[in-house]
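First comes the structure, then the notes that go with it.
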Amino acid sequence: MAKTERVYIYTVFERFWHWTQAILVIGLAWTGFMIHFGRDTFEANPAGQSAYVAYRELHQNMAWAFVVLIAFAIFWHFVTGEWKQYLPTRKYLVGMVRFYTVGIFRHEPHPVKKSQISKLNPLQRIAYLGLKILVIPVLVTSGFLYFFYNDIATGGLFANNAMLGTIVAVHTFAAYLLIAFMFGHIYLTTTGHTPTSNIKAMVTGWEEIEVDDDETPVDAATPAPTAT
Ligand code: HEM
């Protein structure tokens with residue numbers, strides 16, 4: 001059994017942001033897909049109509065909360081310099097792909113180790129960056145275009161209602177992408193030192209990290225001795 005050391009990885013704000021975001025995304029996905037798949041059923045009966053209105057209001061209120069949270073998170077990332085955690089790197093990228101596809105099933109050690117200054121492995125950097133600069137902005141922008149569609153359309157920005165169909169399709173597609181990410185993310189949280197060590201770290205801030213023989217935690221920028 002490899003030696004481990006407790007390392008403080010996630011700050012209070014980071015953990016608050018992570019779990020609040022998780023709750024809001026699950027809530028937005030739930031209300032959004034209730035609207036998407038339930039629209040016809042809801043509209044067909046009087047009791048359903050008030051449920052439909054409630055889902056829409058809930059979705060919109062959570063969307064505003066999500067935007068406020070995103071604003072705080074952007075501010076925090078730039079003030080603390082944490083945005084650098086997402087800078088993509090090719091270093092150990094192939095090693096990570098091999099680990100997730102082969103090594104993990106052979107109980108091989110993780111090719112890169114986590115530290116407070118380098119929390120994400122090269123694959124996580126790419127996935128999280130894509131989420132932050134592509135999927136979430138598309139979701140939020142299409143959501144607001146949807147929300148303010150009547151005002152914008154009346155203002156003459158869109159020539160006809162055909163644009164609404166495109167906005168709904170883009171919003172729904174981005175929602176599916178975010179949910180796909182969430183499933184992958186939840187599965188990968190179980191692949192840490194123990195199945196729950198990553199989740200516990202996001203609750204307490206502290207994580208058990210494997211150390212070298214000299215008991216020094218291995219920095220994420222450094223490959224573990226046995227990495228390929
Ligand atoms: C700031 C973020 C967001 C905004 C402003 C927003 C806004 C909206 C609006 C205005 C609607 C139309 C509701 C209605 O019929 O009145 C909607 C529908 C929907 N939203 Fe969002 N939303 C956001 C985030 C999300 C997220 C994170 C998800 C899922 C992960 C999501 C999934 C959906 C889905 C599936 C629909 C139904 C689309 C349809 O068939 O009409 N939304 N959203």
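Note that the coordinates shown come from a computational prediction; the quantities given were computed from them, not determined experimentally. Order of listing sets the numbers, starting from 1, for every ligand and every atom in it.
- Using cut-offs of 30° and 60° for the angle between ring planes, the H36 and F33 rings count as perpendicular.
- Taking each of M34, R39, M62, Q21 in turn, the one with a heavy atom nearest to atom 39 (C) of ligand 1 proves to be R39.
- Within the 3.5 Å criterion, the main-chain N or O of Y10 finds no donor-acceptor partner in the side chain of W206.
- Residues K114 and N198 bring a donor and an acceptor atom of their side chains to less than 3.5 Å of each other.
- With respect to K200 and E208, no salt bridge is recorded, no charged nitrogen being found less than 4.0 Å from a carboxylate O.
- Near Q60, meaning under 4.0 Å from any of its heavy atoms, are these atoms of ligand 1: 16 (O).
- Per-residue contacts place V67 under 4.0 angstrom from the following atoms of ligand 1 (heavy atoms of the residue considered): 1 (C).
- Judged purely by atom type and a 3.5 angstrom limit, T31 uses its side chain to pair as donor or acceptor with the backbone of L28.
- Looking from atom 38 (C) of ligand 1 to the surrounding protein, the closest heavy atom is T172 OG1, 3.6 Å.
- Through direct or indirect side-chain contacts shorter than 4.5 Å among Ile, Leu, Val, Met, Phe, Trp and Tyr, I186 is connected to no other residue.
- Ligand 1 places these atoms under 4.0 Å from at least one heavy atom of V168: 39 (C), 40 (O), 41 (O).
- Atom 15 (O) of ligand 1 has as its closest protein heavy atom R56 NE, 3.5 Å.
- Regarding atom 40 (O) of ligand 1, its nearest protein heavy-atom neighbour is H36 ND1, 2.5 Å.
- Counting only protein atoms, the N, O or S atoms lying less than 2.8 Å from atom 21 (Fe) of ligand 1 are H59 NE2, H171 NE2, ordered by chain and residue number.
- For the pair Q116 and V7, the minimum side-chain heavy-atom distance is 4.5 Å or more.
- One finds the OG1 atom of T11 at 9.5 Å from the CH2 atom of W17 (value rounded to the nearest 0.5 Å).
- For the pair E207 and R6, the salt-bridge criterion is not met [side-chain N within less than 4.0 Å of a carboxylate O].
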